[in-house]
Amino acid sequence: MAYQVECSQDDEFMIKSEDEHEVIEHVKEHAHEKHDMDLSDDDARDMVQEAS
Ligand SMILES: [Zn+2]
């Protein structure tokens, strides 16, 4: 099983990995760099979807 996040903003960001922690870290980095948003781990985890 893999985990993925697609950015809800109007951009092309998408991360998919079998490591949920890696996905969360990339989402937090993307949100900070591109959207000037500081997400908590819980905020980022809420965005994670399970993918096959
Ligand atoms: Zn984005």
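Every heavy atom of this structure was used, including side-chain atoms; hydrogens, water molecules and symmetry mates were not. Throughout, numbering of the chain's residues begins at 1 and tracks the sequence. Remember, it's a predicted structure, so these values are computed and weren't measured experimentally. Numbering of ligands and ligand atoms starts at 1, following listing order.
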The test is side chain to side chain contact (heavy atoms under 4.5 Å, CB included); show your working for Ile15 and Gln4 and say whether it passes. CA-CA 5 Å; Ile15 173 75; Gln4 72 175 33; over 6 Å; no

Apex the Zn ion (ligand 1) - arms NE2 from His35 and NE2 from His30 - angle rounded to 10°: 110°

Between atom CG of Asp46 and atom OG of Ser40, what is the distance when rounded to the nearest 0.5 Å? 7.5 Å

At less than 2.8 Å, would any N/O/S atom of Asp10, backbone or side chain, sit next to the Zn ion (ligand 1)? no

Angle, SG of Cys7 through the Zn ion (ligand 1) to OD2 of Asp11 - 10° precision: 120°

Flag for His35-Asp11: side-chain donor and acceptor within less than 3.5 Å: yes

Given the rule in the salt bridge (Lys or Arg N to Asp or Glu O under 4.0 Å) test, do Lys28 and Asp38 qualify, once you have shown the distances and angles that lead to the verdict? CA-CA 7 Å; Lys28 289 170 65 178; Asp38 284 315; over 6 Å; no

